[in-house]
Amino acid sequence: MKYRFCGRSGLQLPEISLGLWHNFGQSADFATSEHIITHAFDCGVTHFDLANNYGPPPGSAELTFGKIMSRNLHTHRDEIIVSSKAGHLMWNGPYGDGGSRKYIMASINQSLRRTGLEYFDIFYSHRYCPETPLEETIQALIDIVKQGKALYIGLSKYPADKAAEACRMMSEQHVRCLIYQDRYNMICRKPEDAHIDMLKKCGLGFIAFSPLAQGLLTDRYLHGIPADSRVHREGAFLHESDITDQWIAKATRLNDIAAGRGQSLAQMSISWLLAKRYLTSVITGVSSTHQLDNSLKAIDAPPFTADELTAIDAILQ
């Protein structure tokens, strides 16, 4: 595994981190989840990314991870980075969503109990909440660090100007914001508009989720939607309408570039992200150790040529 420093800090993260968004909840096979997480650690994946609402149902991914930590990895706690978040709907009523101090403090206490941890290495505000004064959210995050419940603070899916303002507020109380997390891949490049400049000015690390665009940037849909695809069953994040003939034609051309590099389309998509030197880490979600091993191969891929990058941009423009 290769590691990168996280912004202007002394903390290093693995180039590939494991996200527990979908495949580690109550409905997942525990033995499989345990095998994936322990195998990831054995491969040098030292960062595990959670949130209070990960599952399904919400909270169950933290419970699964906590059980696996207790059974397998508790003696390695000081070698592991665990992050969690609060900001999206977690429970019904006025105090189970958003950015209020009430919700954030209750959330981190619940998350610590579910995981069985004494502290999180990184705790995120999972989203910007326009209904809550920014200073209220940020003061809660500052206090979480000062109370020893988290070592570092992160922000996720914030407008660039609000993230910069949040960083200033934290700095004034001698708590630095460590990292910014957002959706970023070859298709979704919105962070390039303003966030990259903000990250550099504020000295933040940058960690990307959804590197494969929910499966669009893989070879799974090159011939249409497979009969066993969960797009048919769920369609919560990827819809049948996303997989058009036009997209299949683009994905086929991308796949040809990947094949010329000796990679799968999924591996090339991760390598494309890792080629961005301002990126600290890529969060990948997997349902098997085989998928994880394939993702890890992206780390040692050959560098992109200028022609390859131009061709990718031309296909996706």
Side-chain angles (χ1 to χ4, degrees), residues 2 4 14-19 21-23 45 49 157 181-193 195-196 206-232 234-317:
K2 298 176 182 177
R4 298 184 182 184
E15 289 192 335
I16 291 182
S17 301
L18 183 62
W21 184 10
H22 288 312
N23 299 316
V45 177
D49 184 74
K157 297 175 297 188
Q181 182 176 140
D182 212 337
R183 184 186 308 274
Y184 187 41
N185 53 55
M186 287 197 295
I187 301 171
C188 177
R189 303 193 188 181
K190 186 176 179 181
E192 295 175 358
D193 293 341
H195 285 85
I196 305 306
F206 181 27
I207 188 166
F209 69 85
S210 195
L212 306 182
Q214 300 299 318
L216 282 178
L217 291 170
T218 71
D219 58 11
R220 182 162 175 76
Y221 302 105
L222 293 181
H223 306 288
I225 305 174
D228 63 346
S229 173
R230 70 180 183 184
V231 172
H232 292 302
E234 301 172 17
F237 302 100
L238 184 64
H239 308 93
E240 292 189 36
S241 59
D242 295 323
I243 306 168
T244 62
D245 290 341
Q246 183 183 25
W247 171 252
I248 291 173
K250 290 183 177 183
T252 299
R253 293 168 63 194
L254 291 171
N255 193 61
D256 290 341
I257 296 174
R261 291 172 46 80
Q263 292 185 290
S264 67
L265 177 52
Q267 289 167 345
M268 184 179 78
S269 300
I270 295 173
S271 294
W272 182 89
L273 285 167
L274 292 176
K276 312 294 184 182
R277 298 313 301 176
Y278 51 74
L279 196 77
T280 308
S281 183
V282 176
I283 298 173
T284 183
V286 301
S287 58
S288 69
T289 55
H290 175 70
Q291 284 185 346
L292 177 61
D293 289 339
N294 279 336
S295 294
L296 293 175
K297 291 177 183 177
I299 293 174
D300 296 316
F304 286 91
T305 67
D307 287 344
E308 287 171 339
L309 293 174
T310 298
I312 290 170
D313 286 344
I315 292 168
L316 294 173
Q317 67 181 354

*How close do Ser210 and Asn185 get, heavy atom to heavy atom, and via which atoms?*
O-ND2, 2.8 Å

*Looking at CD1 of Ile257 and OG1 of Thr252, how far apart are the two atoms once the value is rounded to the nearest 0.5 Å?*
11.5 Å

_For Tyr184, ring-ring contact (aromatic ring centres under 6.0 Å, His included) partners two or more places apart_ = Phe206, Trp272

*Quick one: pull up CG in Leu222 and CD1 in Ile248 and give me the separation to the nearest 0.5 Å.*
8.0 Å

*Would you give the length of the straight line joining atom NZ of Lys250 to atom CG of Asn255, rounded to the nearest 0.5 angstrom?*
16.0 Å

*Output every pair passing salt bridge (Lys or Arg N to Asp or Glu O under 4.0 Å) with a member in residues 302-317, not counting sequence neighbours, ordered by first then second residue.*
Arg189-Asp313, Arg261-Glu308

*Gap between atom NZ of Lys2 and atom CG of Asp300 - 0.5 Å precision*: 5.0 Å

*Should we count CG of Asp193 as having more than 12 external heavy atoms under 6.0 Å?*
yes

*Atom pair CG/CG of Leu217 and Leu254 - distance to nearest 0.5 Å*: 7.0 Å

*Grab the two heavy atoms, one from Ala251 and one from Leu265, that are nearest each other, plus how far apart they are.*
O-CD2, 4.0 Å

_Nearest atoms (heavy-atom pairs only) where Leu273 meets Pro211_ = CD1-CB, 3.4 Å

*Could you walk me through whether Val45 and Leu296 pass side-chain contact (heavy atoms from CB on, under 4.5 Å), step by step?*
CA-CA 9 Å; Val45 177; Leu296 293 175; 4.0 Å; yes

_Show the nearest heavy-atom pair for residues Pro191 and Arg183, with the distance to one decimal._
CG-O, 3.4 Å

*Shortest non-hydrogen contact between Leu279 and Ala208, atoms and distance*: CD1-CB, 3.9 Å

_The criterion is side-chain hydrogen bond (donor to acceptor under 3.5 Å, both in side chains); which residues satisfy it with Ser17, sequence neighbours excluded?_
His47, Ser281

*Between the side chains of Ser271 and Gln267, is a donor N or O closer than 3.5 angstrom to an acceptor N or O?*
no

*Could you walk me through whether Tyr278 and His195 pass the side-chain contact (heavy atoms from CB on, under 4.5 Å) test, one step at a time?*
CA-CA 11 Å; Tyr278 51 74; His195 285 85; over 6 Å; no

*Are the side chains of Phe209 and Lys157 in touch, meaning some heavy atoms are under 4.5 Å apart?*
yes

*Roughly how far apart are Asn294 CG and Gln263 CD, rounded to 0.5 Å?*
11.0 Å

*Quick one: closest heavy-atom pair of Leu274 and Glu15, and the distance?*
CD2-O, 3.6 Å

*How about Lys276 and Ile196: do any of their side-chain heavy atoms sit closer than 4.5 Å?*
no

